[in-house]
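Take a look at the structure set out below.
Naming: A, B, ... by sequence-line order, numbering from 1 per chain. Basis for what follows: all heavy atoms, side chains included, without hydrogens, waters or symmetry-related copies.
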Amino acid sequence: MPELPEVETIRRDLLPVVRGRTVRSAWISPDAPRLAQLVPAEAFCRGLVGQRIEDVGRRGKYLLIHLEGGLTWIVHLRMTGRLQHGRDGCPDDPYLRAKFGLDDGSWLCFMDLRKFGTMWLVDDVDLVTGKLGPEPLDDAFDVGAFHGALKRRSAAIKAVLLDQAVLAGVGNIYADESLFRAGIDPRKAAQRISRPAAGRLHEAVVEVLLEAVGDRGSSFSDYVDAQGKAGYHHLKVRVFRRTDEPCFVCGTAVRRVKVGGRGTHFCPKCQRR
DNA sequence: CTTATTCCCTGATTGC
DNA sequence: TGCAATCAGGGAATAA
């Protein structure tokens, strides 16, 4: 499942191969009717053809392909979406939902088993990303403001970490990993997190995300980078999907519970309420 | 404003 | 073994 580190890896992969390229053709599969947002697929494709790619950015889990002339092509991969660059065409994949031909003969290929992925073509990025919280790897991710946001929420800290309006880009994997590193029980009410604990969590989120970016993301199931290769960070996780396996710190069996409707993994000894 | 629940989607897993 | 029910989860929509 692509979270901030996975989307950032794709951004970095795509930037040098698509910058300066012009979209020559666009196709969206009729079996992916929800892929193009706001406008029908045909209008979306028409709007994209002829556009030159100026830059590739990211906001949270959203990939921002900035086009010359002010439009931005926004891609969200959700659960199983993949965005790959093909030198001479797209992979022969039954879940290929869209493909975009570039003026150097290469292709941008979008695969998505579960069809949750979405794209927008907008002149105002804020229309899509306006409600997102701070970027955890920017200076804008301030400890004091973070603790203040937690103070206002009675929900479990795990659920609040997943709220993109509090913090942009953290999903299930990195929420569990960050809480483990900070030694906080994921079920603890966010408003009961002390200032020192909020400081530890702030630091843990940044560390975990930086390490995962360095490892080119985690490939638990579907995620691959823009070349179709897996990341490495799933080999290093401490709790995520390690149910009943021993904690690397204390040996206690990792527990799995549901928090905010999401599978949640933690060490009952290292992470206390 | 908040929180909890449902939905989208399909392959993998679980249960009888 | 076989088939149906459940699970996985990001985020939008909806209910309360």
Steps toward salt bridge (charged side-chain N to carboxylate O under 4.0 Å, His left out) verdict (A:R12, A:E8): CA-CA 6 Å; A:R12 292 180 183 184; A:E8 177 62 18; 2.7 Å; yes

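- At least one side-chain nitrogen or oxygen of A:R256 sits closer than 4.0 Å to the OP1 or OP2 atom of C:dA8.
- Between the CZ atom of A:R153 and the C1' atom of B:dA4 there is a distance of 12 Å, rounded to whole Å.
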Heavy-atom contacts, protein to nucleotides 11-16 of chain C, under 4.0 Å, summarised as B (base), S (sugar-phosphate only) or - (none) per nt, yield BS----

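- Tracing side-chain contacts under 4.5 Å through hydrophobic residues (I, L, V, M, F, W, Y), one reaches A:I10 starting from A:V23; they form part of the same cluster.
- Ring geometry for A:Y62 against A:W120 counts as tilted: the plane angle lies between 30° and 60°, on a 0 to 90° scale.
- An OP1 or OP2 oxygen of B:dT2 is reached within less than 4.0 angstrom by no side-chain nitrogen or oxygen of A:R152.
- In this structure, A:Q191 places its CD atom 12 Å from P of B:dT2, rounding to the nearest Å.
- Using a 4.0 Å heavy-atom distance criterion, A:G263 is classed as a sugar-phosphate-only contact.
- Nearest-nucleotide positions on DNA chain B for A:D31 and A:G260 put A:G260 closer to the 5' end.
- Here the nucleotide nearest the side chain of A:S154, chosen from B:dT3, C:dA8, B:dC8, is B:dT3.
- Remark: A:D112 does not engage A:R97 in a salt bridge, criterion side-chain N to carboxylate O under 4.0 Å.
- Among pairs with a residue in residues 188-212 of chain A, those fulfilling side-chain hydrogen bond (donor to acceptor under 3.5 Å, both in side chains) read A:R181-A:E211, at least two apart in sequence or across chains.
- Taking atom OH of A:Y174 as the reference point, atom P of C:dG9 lies 14 Å away to the nearest angstrom.
- Distance CG (A:L113) to P (C:dA8): 17 Å, rounded to an integer number of Å.
- Side-chain contact check for A:F100 versus A:W73: some heavy-atom pair is nearer than 4.5 Å.
- Note: NZ (A:K115) to P (B:dT10) measures 4 Å, nearest angstrom.
- Taking five base pairs at each end of the helix from B:dT2-C:dA16 to B:dC16-C:dG2 and finding the rotation axis that steps the C1' atoms of four pairs onto the next four gives two axes whose angle is 70°, to the nearest 10°.
- Residue A:Y95 places at least one side-chain N or O under 4.0 Å from the OP1 or OP2 atom of B:dG11.
- Side-chain proximity of A:R34 to the nucleotides B:dC8, B:dG11, C:dG9 is greatest for B:dC8.
- As rounded to whole Å, 16 Å separates atom P of B:dT5 from atom CG of A:D163.
- Atom CZ in A:R114 sits roughly 9 Å away from atom P in C:dG9 (whole-Å rounding).
- To the nearest 0.5 Å, the span separating CZ on A:F240 from CD on A:E177 amounts to 8.5 Å.
- One interatomic measurement links the two molecules: CG of A:L35 to P of B:dC9, which rounds to 12 Å at whole-angstrom precision.
- Using a 4.0 Å cut-off between a side-chain N of Lys or Arg and a carboxylate O of Asp or Glu, A:D103 and A:R52 do not qualify as a salt bridge.
- Only one option out of A:R153, A:R152, A:K131 pairs with A:D163 in a salt bridge (charged side-chain N to carboxylate O under 4.0 Å, His left out); it is A:R153.
- Salt bridge status for A:E6 with A:K61: absent, with no side-chain N to carboxylate O gap under 4.0 Å.
- Note on A:K258: only backbone sugar-phosphate atoms sit closer than 4.0 angstrom, heavy atoms only; bases stay farther off.
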